[in-house]
Amino acid sequence: MHYDVGFRSEPYGRSGFAHLFEHMMFQGSRNVARGEHFSLVQGAGGVVNGSTYPDYTDYHQVVPASALERVLFLEADRMASLNVTETNLRTQREVVKEEIRLNVDNRPYGGFPWTVLPSVLYERWANAHNGYGDFGDLDKATAAECAEFFATHYMPGNAVLTLCGDIDPQHAIEAATKQFEAVPSQPVPAPVPLSEPWRPGPLLGTVRDLFAPRPATALGFRLPNPGTNLDAYLAHMVLATLLTSSEHATLKQGLAAMSVDVSSGCGLFGPLQARDPDTFIIVATHPPQVSSQQIAQSTDAVFADIALGKVDEQDVTRAVALTRSRLLQKRDSLLARTRSLGTHELLFGRPELGETLHDLVAGIAASQVIAAATQLSEQQPALLSLLAEGDSR
């Protein structure tokens with residue numbers, strides 16, 4: 001079940017609210033006690049979880065086909081009658097805070113770069129703020145705000161239900177209709193305004209990490225809009241593979257002499273997991289004597305070479321093949337395919353996208369990858385420096 005609500009849907013000054021609400025969704029409803037959602041799914045031999053992203057929140061169950069109606073009932077019951085109480089809010093707020101301490105505050109490179117880089121690259125609050133949440137903002141959240149958030153976003157017109165497996169489609173549709181037809185319909189909320197002008201440079205940010213063994217640098221660039229220019233977006237995916245997919249990859253070779261470990265990719269949470277604007281990222285860990293500016297300069301030099309056509313066409317062919325292979329590997333998982341259908345329907349109105357993406361990538365030519373590198377080389381990137389323990393800067 002995908003809901004069209006994520007970090008970028010949060011009210012101003014309530015960072016982390018969408019993720020907090022993901023936890024609230026397991027706190028019981030009219031016919032399901034607090035925590036019973038988990039026990040009922042696990043009792044059927046299944047697993048259940050939820051995740052929050054910039055533009056959506058998804059809740060998934062993997063169960064034997066015989067338990068289909070059970071999980072449909074659970075999803076419909078909480079959509080119709082979630083228990084939003086002060087007690088549940090107080091409990092889950094502390095759970096979320098502990099999760100942030102575990103995954104961000106007390107872990108090397110925790111939340112780096114996605115919790116900070118957007119604030120350097122973007123200006124609009126919806127795009128720029130930390131989706132994991134600020135403790136001060138979380139403390140200000142009230143049960144009344146949670147109830148309003150639920151009523152606004154968690155209803156049929158704002159949701160996508162995806163079913164995959166060894167099931168009869170007609171029976172599945174009838175079972176879903178039976179469970180969800182009683183849920184009251186409501187007007188769909190207006191889309192969150194996300195577009196914004198390009199920020200003038202320099203775009204610089206710094207974060208200190210007392211647990212990190214080495215400094216790190218993150219570069220953020222704006223990607224083409226996949227909803228209107230999918231081919232250009234896919235070319236950036238191939239470019240990311242070309243840059244850092246192996247020890248012989250272009251950018252890895254360019255930084256090898258400085259003992260830099262580097263990766264790159266489309267999207268803060270992976271390719272095609274958010275609407276426009278989204279971010280092309282390069283993340284590097286490096287020795288203290290190597291500066292973030294050196295990383296940025298070396299990256300720019302690699303982009304410039306590719307933009308000038310200084311790239312082996314066979315390397316591009318291999319990057320296309322490897323990108324396709326990774327996409328096909330993801331299709332091996334029933335859960336990944338199910339989530340992909342719902343995600344791409346909700347974000348782009350194209351549920352089939354995940355099933356055809358590998359074929360679309362196969363059509364990406366070297367000239368398009370060169371154009372992608374050119375587009376990135378012409379940008380003023382966001383430059384985020386992570387200072388490790390003992391760094392006096």
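Note that the structure is a prediction, hence the values are computed from the model and not measured.
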## Note on the structure
Looking only at heavy atoms, the pair that brings V48 and F38 closest together is CG1-CD2, 3.2 Å

### Query
Would D77 and S29 count as having a side-chain donor-acceptor pair, cut-off 3.5 Å?
yes

### Query
Counting N and O atoms only, with roles assigned by atom type, does the side chain of D209 sit under 3.5 Å from a partner on the main chain of Y109, one being a donor and the other an acceptor?
yes

### Message
If I take atom CG from residue L387 and atom CG from residue L210, how far apart are they, to the nearest 0.5 angstrom?
### Response
10.0 Å

#### Entry: T343 side-chain N/O to S340 backbone N/O, donor-acceptor pair under 3.5 Å
no

### Task
Answer yes or no: does atom CG of D139 have more than 12 heavy-atom neighbours from other residues, nucleotides or ligands under 6.0 Å?
yes

### Approximate separation, where rounding is to 0.5 Å, of R30 CZ and R78 CZ
15.0 Å

### Within 6.0 Å of CD in Q314, more than 12 heavy atoms from elsewhere
no

### Single-linkage hydrophobic cluster, 4.5 Å side-chain cutoff, F211 and W114 together
no

### Residue pair V320 / V361: nearest heavy atoms and the distance that separates them
CG1-O, 3.5 Å

### Message
Counting C-beta onward and ignoring hydrogens, is there a side-chain heavy-atom pair between N158 and P189 closer than 4.5 Å?
### Response
yes

### Message
Please report whether the ring centroid of Y3 lies less than 6.0 Å from that of F21.
### Response
no

### Query
Are side-chain N/O atoms of D137 and S15 paired as donor and acceptor at under 3.5 Å?
yes

### Message
Grouping I, L, V, M, F, W and Y whenever their side-chain heavy atoms are under 4.5 Å apart, do L272 and L328 come out in a common cluster?
### Response
no

### Hydrophobic cluster membership, F180 vs L341, 4.5 Å side-chain cutoff
no

### Task
Indicate yes or no: at least one non-hydrogen side-chain atom of V207 is less than 4.5 angstrom from one of T115.
no

#### Entry: Where A159 and M1 come nearest, the two heavy atoms and their spacing
CB-SD, 3.8 Å

### Message
To the nearest 0.5 Å, what is the distance between CD on Q375 and CD1 on I370?
### Response
14.5 Å

### Message
Any heavy-atom pair between the side chains of K97 and I100 that's under 4.5 Å?
### Response
no

### Query
Which heavy atom in R70 sits nearest to a heavy atom in L40, and how many Å separate them?
NH1-O, 2.8 Å

### Query
Heavy atoms, side chains only, cut-off 4.5 Å: are K252 and L243 in contact?
no

### Query
Is it true that Y132 and H19 have ring centroids separated by less than 6.0 Å?
yes

### Message
Would the distance check show the side chain of Q294 and the main-chain N or O of S291 forming a donor-acceptor pair, the cut-off being under 3.5 Å?
### Response
yes

### Query
Taking R339 for the side chain and H60 for the main chain, is one N or O donor matched with an acceptor at less than 3.5 Å?
no

### Task
Determine, for R275 against D4, whether the closest basic-nitrogen to carboxylate-oxygen distance falls under 4.0 angstrom.
yes

### Message
Is the shortest side-chain heavy-atom distance between S298 and M258 below 4.5 Å?
### Response
yes

### Query
Are R8 and R124 close enough, and set up right, to give a side chain to side chain contact (heavy atoms under 4.5 Å, CB included), and what steps lead you there?
CA-CA 10 Å; R8 299 203 277 207; R124 187 185 287 272; over 6 Å; no

### Task
In sequence, state the C-alpha distance, the side-chain angles, and the governing distance for F135 and D105, and then conclude on side chain to side chain contact (heavy atoms under 4.5 Å, CB included).
CA-CA 12 Å; F135 280 16; D105 296 344; 4.2 Å; yes

### Query
Short question: side chain of S377, backbone of A304 - any donor-acceptor pair under 3.5 Å?
no

### Message
Once rounded to the nearest 0.5 Å, what's the spacing between atom SG of C164 and atom CG of L335?
### Response
9.5 Å

### Task
Nearest 0.5 Å please: distance from the CZ atom of F280 over to the CE atom of M237.
11.0 Å

### Query
Are V5 and M155 connected in the hydrophobic side-chain network, where two residues link if heavy atoms are under 4.5 Å apart?
no

### Query
How far apart are the closest heavy atoms of W125 and P11, and which atoms are they?
CH2-O, 3.2 Å

### Message
Please tell me whether L102 and V96 are part of a single hydrophobic cluster in this structure, the criterion being side-chain heavy atoms less than 4.5 Å apart.
### Response
no

### Message
Taking atom CD as the centre, does E94 end up with more than 12 heavy-atom neighbours from other residues, nucleotides or ligands that are less than 6.0 angstrom away?
### Response
yes

### Query
If you measure only the distance, is there a donor-acceptor pair under 3.5 Å linking the side chains of E22 and Y59?
no

### E196 side chain vs E123 backbone, donor-acceptor pair below 3.5 Å
yes

### Gap between atom CG of L204 and atom CD of Q293 - 0.5 Å precision
7.0 Å

### Message
Is there a side chain to side chain contact (heavy atoms under 4.5 Å, CB included) between Q179 and E75? Walk through the geometry before answering.
### Response
CA-CA 9 Å; Q179 295 297 337; E75 289 290 3; over 6 Å; no

### Contact check, side chains of L353 and L230, non-hydrogen atoms, under 4.5 Å
yes

### Message
Is there a side chain to side chain donor-acceptor pair (under 3.5 Å) between Q61 and H37? Walk through the geometry before answering.
### Response
CA-CA 10 Å; Q61 284 89 188; H37 193 121; 2.7 Å; yes

### Query
Hey, does the side chain of S264 reach the backbone of A240 with a donor-acceptor pair shorter than 3.5 angstrom?
yes

### Message
Has N88 got a side-chain atom pairing as donor or acceptor with N83's backbone, closer than 3.5 angstrom?
### Response
yes

### Query
Got a donor-acceptor contact below 3.5 angstrom from the R199 side chain to the V120 backbone?
yes

### Query
Strictly by modelled atom types, are H2 and T162 linked by a side-chain donor-acceptor pair under 3.5 Å?
no

### Query
Can you find a pair of side-chain heavy atoms, one from T241 and one from R326, that are under 4.5 Å apart?
yes

### Task
Evaluate side chain to side chain contact (heavy atoms under 4.5 Å, CB included) for L203 paired with L121, printing each intermediate quantity in order.
CA-CA 7 Å; L203 307 178; L121 183 58; 4.2 Å; yes

### Message
Has R101 got a side-chain atom pairing as donor or acceptor with N106's backbone, closer than 3.5 angstrom?
### Response
no

#### Entry: Minimum-distance pair of heavy atoms, taken over all atoms of A141 and E145
CA-OE1, 3.3 Å

### Message
My understanding is that only one of L251, T374, T250, L376 makes a side chain to side chain contact (heavy atoms under 4.5 Å, CB included) with F303; could you say which?
### Response
L376

### Task
Could you check if a side-chain atom of C266 sits within less than 4.5 angstrom of a side-chain atom of D278, using non-hydrogen atoms only?
no

